[in-house]
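Okay, so here's the structure we're looking at.
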Amino acid sequence: MRKLKHSAPQKKGVIIGGAVILAVAVGLIGMTFMGLNKDSGKITANVSVLGNTMTELTREELTSAIQAIADQNPLKDEIKITFLDNEHSFTLGDIGAEYDVKAIADKAYEAGSESLWNRLFGKDGETAEIPVSIKYDEAKLDAAVKQAAVSLSRSATEFSYEITEEGVRVVKGDEAANVSASDISERLIPKLEEMDFSQIDLPSDAGHAEIDFEALKAEIDREVQNPMLDLEADPSGNTILPAQQGIEMSVEDAKKAYEQSGDSDTFLIPVTFTEPTMSMEEFQKNLFSHTLSSITSSFNPSLKGRTTNVKLACDHCNNIILNPGDEFSYNKAVGPRTYERGFKDATVYVAGTTEDGVDGGICQVSSTIYSAALHADLKITERYNHSYMITYVPLGEDATVVYGSKDFRFVNNTDYPIKIKVTYGSNSMTVKLIGTNLTGKKVEISTKTLSKTPFEVVYKTDETLAVDTQKVKNNGYTGYTTESYRLVYENGKLVSNTFENKSVYKKLDKLILENPSSPEKSGNYVPPETPPATEPTTPTTPTTPTTPSTPEPSTPVTPTPEPSTPAPEPVTPVPDTPLPTVPDTPITPDD
């Protein structure tokens, strides 16, 4: 800041006699004390404002001259304020700043007015530099300060990271840090008064934001991934995703790296990388190169509704692809079984008898796929056996489903994708699981019967039938309890024999409806036993009594029991066509 400089007066180089000096001194002192300064109304000393020298000007002329100088030198200075890494600036014009011409003129006039003492003892030609001052619009200054406070304040920021060959490089986040308008004003206003427009640096003790290392680990860690199909973008399986490197981070290592970084904005976390085991070339070469299993089951095409349902379910499951680790859900694949979606009524078993249901035949497709999954050595995650035996796949290889409650699910636990191919003809359907079998693996399912419960024949009256007629409502099925085992062979050698499932199939009694005209004509009729006939005896005429003889002792005879013939076991009838079966629940089950 340039300030006004005052110089001490110098003696003039003239030798004056003592008396004269004394007289002049006494006169001057007298005139000073009497206030008899001589003033012509103009400044007589030289004054300078912003480098412009002025003299011999009246007060009005001096003010006008200073105004002209101010107009020629507009205030263009910029005020810069910093806080942490933020910077904000505004000009003096933004706060309505202008030269305070009146205040400058007052100082200039005072400095330029010359008293008699200065005339006699002052220096010739000395110029006084007048310090300038400004004035500003307080409302505009307040608005500018508030805007600066908002601009400089810092919101909390999240950390960011980048995975590099060396590890995970983390850029720390920042804590929130606010600037108040009063903090700026306290530092700015004194500087404006001193015409000091240098940069203002606001202090802060804000640090870095905390890092949730557990959340960071959850975000960074990933399993190693061999090449796989991009089924989300391309369900047809024609797009391959490249292999992915596995990453594992230690929370303790991350915390240690953070603490050692101090005030640095970044730090490096060491991690463990795991490389894929399969190349893209190997994946493409072996993709869908083998048939893992093929299972065929038959159906009766004359059962129109059931045949329609079987074919619809086949269509919904056909060409589904599973990447390694993916799970197949039969209910998800087939969806709700409704009339609106094309499904038809077909025979189902409910509470030990047959009824029509919209989902009859659905279980034949799920069972055939289950059998194929077993023979492909896939991991089964959900399966239920039927309540009653079925005939289209072997016992222990069936899977009943009920939409919303019972599902059939399995996981592709191989190293390559698997495609489910489901086709059908006029009276049969075939499930093929296409994948990759590099070891020549083959699977057999061994099922043994633990128990067997024969069915019985039951008659029930149905008055809607013609009198003395019968109708077979449903054939009977023997009940079984079985255990199944999965035998895996590689190159003809048994490598594993594991328990697969235990299946319990209830017996289903054969039901015959009838309308007999009399109990004797009912199948339930059992005739009463007839007592054996006895011949009548003729009374005899009494005779002369004789002496009784002593009876001879008799040898007791042990009766020999008549051999009994065991009742023959009912023969389980073999239906001409596969029959639908009944799950335990609900009332309207899938077949």
Side-chain angles (χ1 to χ4, degrees), residues 1-9 32 35-81 88-119 121-149 151 181-201:
M1 180 182 70
R2 292 175 292 180
K3 297 181 179 181
L4 178 63
K5 296 182 179 179
H6 299 279
S7 300
T32 299
L36 298 176
N37 253 355
K38 185 176 180 180
D39 193 344
S40 63
K42 293 183 178 182
I43 60 171
T44 56
N46 295 336
V47 295
S48 176
V49 175
L50 298 177
N52 296 274
T53 302
M54 295 168 285
T55 188
E56 297 297 330
L57 297 175
T58 64
R59 176 61 181 267
E60 291 74 14
E61 292 171 340
L62 181 61
T63 300
S64 297
I66 292 174
Q67 182 64 61
I69 294 171
D71 293 341
Q72 294 172 2
N73 296 273
L75 293 169
K76 297 181 179 180
D77 297 86
E78 184 180 68
I79 299 173
K80 184 181 293 184
I81 306 172
H88 184 83
S89 61
F90 54 87
T91 65
L92 293 177
D94 293 333
I95 62 174
E98 60 183 19
Y99 292 104
D100 191 347
V101 174
K102 181 178 182 305
I104 299 171
D106 288 344
K107 295 176 183 177
Y109 188 80
E110 181 181 356
S113 297
E114 189 177 33
S115 65
L116 177 59
W117 184 277
N118 287 335
R119 290 197 197 106
F121 300 105
K123 290 184 178 180
D124 292 334
E126 182 178 0
T127 300
E129 183 66 34
I130 307 302
V132 296
S133 58
I134 63 172
K135 59 183 179 179
Y136 51 82
D137 187 321
E138 292 186 359
K140 291 183 177 181
L141 176 65
D142 183 63
V145 166
K146 289 180 178 178
Q147 183 180 1
S151 175
S182 60
D183 289 340
I184 299 176
S185 297
E186 289 176 0
R187 291 170 173 78
L188 176 61
I189 291 176
K191 293 172 72 71
L192 292 176
E193 292 176 351
E194 296 177 6
M195 296 292 289
D196 179 4
F197 307 132
S198 60
Q199 178 174 300
I200 299 174
D201 297 319

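Keep in mind that what you see is a predicted model, and the values were worked out from it rather than measured.
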Item checked: 4.5 Å side-chain heavy-atom contact, Tyr136 and Ile189 -> yes
Item checked: Ala108 versus Ile43, closest heavy-atom pair with distance -> O-CG2, 4.3 Å
Item checked: Separation of Asp183 CG from Ile81 CD1 (nearest 0.5 Å) -> 11.0 Å
Item checked: Distance in Å, Glu194 CD paired with Ser133 OG, rounded so as to fall on 0.5 Å steps -> 12.5 Å
Notebook entry, point to check: Is it true that atom CD of Gln199 has more than 12 heavy atoms of other residues, nucleotides or ligands lying nearer than 6.0 Å?
Noted result: yes
Checklist line | Any side-chain heavy-atom pair of Leu50 and Val132 under 4.5 Å | finding: yes
Item checked: Separation of Thr53 OG1 from Glu129 CD (nearest 0.5 Å) -> 7.5 Å
Next item on the list: Kindly compute the distance separating CD (Gln72) from CD (Gln67), expressed to the nearest 0.5 Å.
Entry: 10.5 Å
Item checked: Results of salt bridge (Lys or Arg N to Asp or Glu O under 4.0 Å) for Asp196 - residues two or more places apart only -> Lys191
Notebook entry, point to check: Between Lys80 and Ser89, which heavy-atom pair has the shortest distance, and what is it?
Noted result: CA-CB, 4.0 Å
Checklist line | Nearest-0.5 Å distance that lies between atom CD in Glu98 and atom CD1 in Ile134 | finding: 9.5 Å
Item checked: Note, His88 side chain near Gln147 side chain (heavy atom, < 4.5 Å) -> yes
Checklist line | Side-chain heavy-atom pair Tyr99, Asn73 within 4.5 angstrom cut-off | finding: yes
Check: Looking only at heavy atoms, what is the nearest atom pair of Ala144 and Ile95, with distance?
Finding: CB-CG2, 3.9 Å
Item checked: Shortest non-hydrogen contact from Ala128 toward Ala111 -> CB-CB, 4.2 Å
Check: Looking only at heavy atoms, what is the nearest atom pair of Thr58 and Tyr109, with distance?
Finding: C-CE1, 4.4 Å
Notebook entry, point to check: How about Met54 and Ile66: do any of their side-chain heavy atoms sit closer than 4.5 Å?
Noted result: yes
Notebook entry, point to check: Quick one: are Ile79 and Leu192 in side-chain contact, heavy atoms under 4.5 Å?
Noted result: yes
Margin query: I'd like to know if the side chain of Thr55 and the backbone of Thr44 have a donor-acceptor N/O pair within less than 3.5 Å.
Written below: yes
Checklist line | Asp77 side-chain N/O to Leu75 backbone N/O, donor-acceptor pair under 3.5 Å | finding: no
Notebook entry, point to check: Would you call Leu188 and Leu141 a side-chain contact if the rule is heavy atoms closer than 4.5 Å?
Noted result: yes
Notebook entry, point to check: So, for Thr63 and Val101, which heavy atoms are closest and what is the spacing to 0.1 Å?
Noted result: O-CG1, 3.8 Å
